[in-house]
S.K.: 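I'd like to ask you about the structure that follows.
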Amino acid sequence: ATSSQHIEILEGERATVRLGHNAFTRRLLDEDTINRAARAFRHFRDRMDSYHVTAYRAVATAAAREVRNCHRLIERIRRKSGIELQVISSAEEARLVCAAVSWALGETTQPRLIFDLGGGSLEFSFLDRGVVRKRVALPLGTIRLMETFSIEGAIDEDKARKLRHHVLALLHSAIPSPPRLHRAVAVACGGNAEALVRLAPGPLAGRTPTINLRLLKDQTWRMLALDVPGRMRVFGVRKDRAEVMGIAAIVITAVAKWLTLRSMLVPGVGVREGL
């Protein structure tokens with residue numbers, strides 16, 4: 001970081017560990033998942049050492065919060081890499097995402113809503129003049145829904161309807177009198193939003209991409225009809241994204257309907273940039 005306003009990313013690394021596998025249905029991390037995570041952190045440690053990193057913060061979110069054997073994950077990662085993994089609360093996760101969005105959009109754009117769709121949870125932050133007035137966390141993450149509803153590959157109309165009904169029921173329970181946000185700025189964060197904005201792009205808001213919600217609705221049906229290899233081929237995405245992108249589209253279109261959103265900004269930042 002050359003200043004608090006300018007961060008230059010020297011190298012980015014991503015490892016597909018799928019920590020949420022079994023975490024939300026069985027509340028346990030299996031040995032294979034823990035081993036994959038430990039190997040990924042060993043690699044991250046090597047990259048950190050090559051850049052002489054001394055100050056770092058490593059955090060875990062929804063999956064680690066919910067499993068009963070999280071201590072095994074933390075201990076294995078510490079032994080394998082020397083990295084201390086910190087499990088953060090949903091409130092801290094949301095705070096980091098809000099900080100990242102504020103940094104990315106600058107002072108001229110003040111969103112009324114920031115939401116982050118991850119593997120385990122859907123986190124909402126409702127803001128007024130840049131101050132968070134209300135936070136809501138719902139168990140509507142894409143991996144959680146995929147495993148709860150036993151979704152593999154293509155999603156038929158019946159399963160899509162059940163999924164949408166479940167999402168809307170939880171939204172109604174948590175936000176019974178939703179604010180009307182059709183004129184407001186709403187921001188979508190998370191890897192799923194970043195994938196979907198490429199499939200249903202709206203006009204740029206300054207330099208920030210937006211999701212065209214009407215186009216996303218059309219693309220959703222096309223997405224649901226395809227199996228995982230079909231989505232990988234048609235949309236040019238990785239396997240782990242292809243598995244959940246249809247579910248993500250259902251969640252995001254349901255949120256848009258419930259909160260009367262017309263578009264969503266996707267600045268491409270999240271917990272990492274907040275850190």
Side-chain angles (χ1 to χ4, degrees), residues 18 20 23-25 61-63 66 90 93-94 97 111 113-126 135-176 178-179 181 186-200 202 210-226 228 231 235 237 240-266 268 270-271:
R18 190 50 73 82
F24 309 115
T25 50
T61 56
E66 295 197 22
S90 62
E93 184 179 356
V97 171
L113 168 68
I114 298 170
F115 73 91
D116 181 22
L117 176 60
S121 63
L122 174 62
E123 312 264 350
F124 292 96
S125 295
F126 293 93
R135 284 202 172 107
V136 177
L138 296 176
L140 289 173
T142 53
I143 298 172
R144 185 194 299 272
L145 292 173
M146 179 176 73
E147 297 194 348
T148 301
F149 284 82
S150 302
I151 293 169
E152 292 179 18
I155 304 173
D156 61 28
E157 282 191 35
D158 182 53
K159 193 153 270 189
R161 187 171 61 251
K162 285 178 180 170
L163 198 52
R164 191 173 285 106
H165 178 76
H166 176 71
V167 174
L168 287 169
L170 286 192
L171 286 170
H172 182 271
S173 172
I175 315 168
L181 299 178
V187 174
C189 294
N192 289 296
E194 291 170 34
L196 294 177
V197 77
R198 293 197 295 272
L199 309 185
T210 67
I211 293 178
N212 179 328
L213 292 165
R214 189 170 294 172
L215 179 56
L216 179 60
K217 207 169 181 181
D218 294 340
Q219 288 280 39
T220 299
W221 290 113
R222 188 176 165 218
M223 231 182 293
L224 300 184
L226 295 167
V228 171
R231 289 181 203 147
F235 299 115
V237 292
D240 61 313
R241 185 65 63 209
E243 287 174 337
V244 297
M245 63 193 297
I247 297 167
I250 288 173
V251 173
I252 286 177
T253 52
V255 167
K257 180 181 179 182
W258 189 246
L259 298 174
T260 64
L261 301 174
R262 287 186 177 170
S263 74
M264 299 172 181
L265 275 63
V266 184
V271 170

S.K.: Would you name the heavy atoms of Arg135 and Ser125 that are closest together and state the gap between them?
M.R.: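 Closest approach of Arg135 to Ser125: NE-OG, 3.5 Å.
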
S.K.: Are Val228 and Glu152 packed together at the side-chain level, in the sense that at least one heavy-atom pair is separated by less than 4.5 angstrom?
M.R.: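 A side-chain contact is absent here, since even the closest heavy-atom pair is not under 4.5 Å.
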
S.K.: Using modelled atom types and a 3.5 Å cut-off, is there a donor and acceptor pairing between side-chain atoms of Ser173 and backbone atoms of Ala169?
M.R.: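 Pair absent, no side-chain N/O of Ser173 close to backbone of Ala169.
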
S.K.: List the atom of Leu138, the atom of Ala174, and the distance in Å for their closest heavy-atom pair.
M.R.: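 Reported closest heavy-atom pair: CD2-CB, 3.5 Å.
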
S.K.: Is any side-chain heavy atom of Val266 closer than 4.5 Å to a side-chain heavy atom of Val187?
M.R.: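 In short, these two side chains do not touch, never coming nearer than 4.5 Å.
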
S.K.: So how far is it from Arg214 CZ to Thr253 OG1, rounded to the nearest 0.5 Å?
M.R.: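 Atom-to-atom, Arg214:CZ and Thr253:OG1 are 14.0 Å apart.
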
S.K.: May I ask you to test the Met146-Phe24 pair for a side-chain heavy-atom distance under 4.5 Å?
M.R.: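 No. Closest side-chain heavy atoms not under 4.5 Å.
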
S.K.: Quick one, Phe149 with Ile247, criterion side chain to side chain contact (heavy atoms under 4.5 Å, CB included). Give me CA distance, side-chain angles, the key distance, then yes/no.
M.R.: CA-CA 10 Å; Phe149 284 82; Ile247 297 167; over 6 Å; no

S.K.: Checking His166 against Thr148 for the side chain to side chain contact (heavy atoms under 4.5 Å, CB included) test, could you report, in this order, the C-alpha distance in whole Å, the side-chain angles of both residues, the deciding distance, and whether it holds?
M.R.: CA-CA 11 Å; His166 176 71; Thr148 301; over 6 Å; no

S.K.: In Å, rounded to the nearest 0.5 Å, how long is the span from CG of Asn192 to CG of Asp116?
M.R.: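 Reported value, rounded in 0.5 Å steps: 9.5 Å.
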
S.K.: Is there a side-chain contact between Glu243 and Arg18 (heavy atoms, below 4.5 Å)?
M.R.: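 Side chain of Glu243 against side chain of Arg18, heavy atoms only: contact under 4.5 Å found.
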
S.K.: Would you give the length of the straight line joining atom CG of Leu216 to atom CD1 of Ile250, rounded to the nearest 0.5 angstrom?
M.R.: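 Leu216 atom CG to Ile250 atom CD1 measures 10.5 Å (nearest 0.5 Å).
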
S.K.: If I take atom CZ from residue Arg262 and atom OG1 from residue Thr210, how far apart are they, to the nearest 0.5 angstrom?
M.R.: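 Rounded to the nearest 0.5 Å, the CZ-OG1 separation comes to 14.0 Å.
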
S.K.: If you look at every heavy atom in Ala200 and Leu215, which pair is closest and at what distance?
M.R.: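 Looks like CA-CD2, 3.5 Å.
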
S.K.: According to the interplanar angle, ranging from 0 to 90°, do the rings of Phe115 and Phe124 count as parallel (below 30°), tilted (30 to 60°) or perpendicular (above 60°)?
M.R.: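 Rings of Phe115 and Phe124: tilted, 30 to 60°.
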
S.K.: Can you tell whether the side chains of Lys162 and Asp158 come within less than 4.0 Å, N to carboxylate O?
M.R.: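 Counted as a salt bridge, because a side-chain N and a carboxylate O are separated by less than 4.0 Å.
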
S.K.: Measuring only between side-chain heavy atoms, which start at C-beta, is Ile151 closer than 4.5 Å to Leu163?
M.R.: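 Sidechains of Leu163 and Ile151: in contact.
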
S.K.: Starting at CG of Leu213, measure out to CG of Asp218 and round the result to the nearest 0.5 Å.
M.R.: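 Leu213 CG to Asp218 CG: 11.0 Å, rounded to 0.5 Å.
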
S.K.: Taking Arg144 for its side chain and Ala23 for its backbone only, find out whether a donor-acceptor pair lies under 3.5 Å.
M.R.: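 The answer is no, because no donor-acceptor pair under 3.5 Å joins these two groups.
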
S.K.: Using a 3.5 Å distance criterion without hydrogens, assess whether the side chain of Thr260 forms a donor-acceptor pair with backbone atoms of Leu181.
M.R.: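 Yes; at least one donor-acceptor contact below 3.5 Å.
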
S.K.: Work out which heavy atom in Ala160 is nearest to a heavy atom in Ile155; give both atom names and the distance.
M.R.: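 Taking Ala160 first and Ile155 second, the nearest heavy atoms are N-CG2, 3.7 Å.
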
S.K.: With a 4.5 Å heavy-atom cut-off, do Val255 and Leu117 have their side chains touching?
M.R.: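 No, side chains not in contact.
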
S.K.: Under the criterion side chain to side chain contact (heavy atoms under 4.5 Å, CB included), I'd like the reasoning laid out for Leu261 against Leu113: C-alpha separation, chi angles, the key distance, then a yes or no.
M.R.: CA-CA 10 Å; Leu261 301 174; Leu113 168 68; 4.2 Å; yes

S.K.: Of all heavy-atom pairs between Glu147 and Thr25, which one has the smallest distance, and what is that distance?
M.R.: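 Taking Glu147 first and Thr25 second, the nearest heavy atoms are OE1-OG1, 3.6 Å.
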
S.K.: Run the side chain to side chain contact (heavy atoms under 4.5 Å, CB included) check on Leu224 and Thr220 step by step: do they pass?
M.R.: CA-CA 6 Å; Leu224 300 184; Thr220 299; 4.0 Å; yes

S.K.: Does Asp156 pair with Lys159 as a salt bridge, N-O distance under 4.0 Å?
M.R.: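 So Asp156 does not pair with Lys159 through a salt bridge.
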
S.K.: Within the distance-only criterion (no hydrogens, no angle test), does the side chain of Arg231 pair as donor or acceptor with the backbone N or O of Met223 below 3.5 angstrom?
M.R.: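 Yes.
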
S.K.: Would a distance-only check, ignoring hydrogens and angles, find a side-chain to backbone donor-acceptor pair under 3.5 Å from Gln219 to Leu199?
M.R.: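 It does hold such a pair.
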
S.K.: Taking all atoms of both residues into account, what is the closest heavy-atom pair of Ala254 and Leu168, and its distance?
M.R.: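 Where Ala254 meets Leu168 most closely, the heavy atoms are O-CD2, 3.8 Å.
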
S.K.: Can you tell me how far apart CD (Glu123) and CD1 (Ile114) are? Round to the nearest 0.5 Å.
M.R.: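 Those atoms lie 12.5 Å apart.
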
S.K.: Would you check if Leu226 and Phe235 make a side-chain contact, meaning some heavy-atom pair closer than 4.5 Å?
M.R.: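 A side-chain contact exists here, since the closest heavy-atom pair is under 4.5 Å.
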
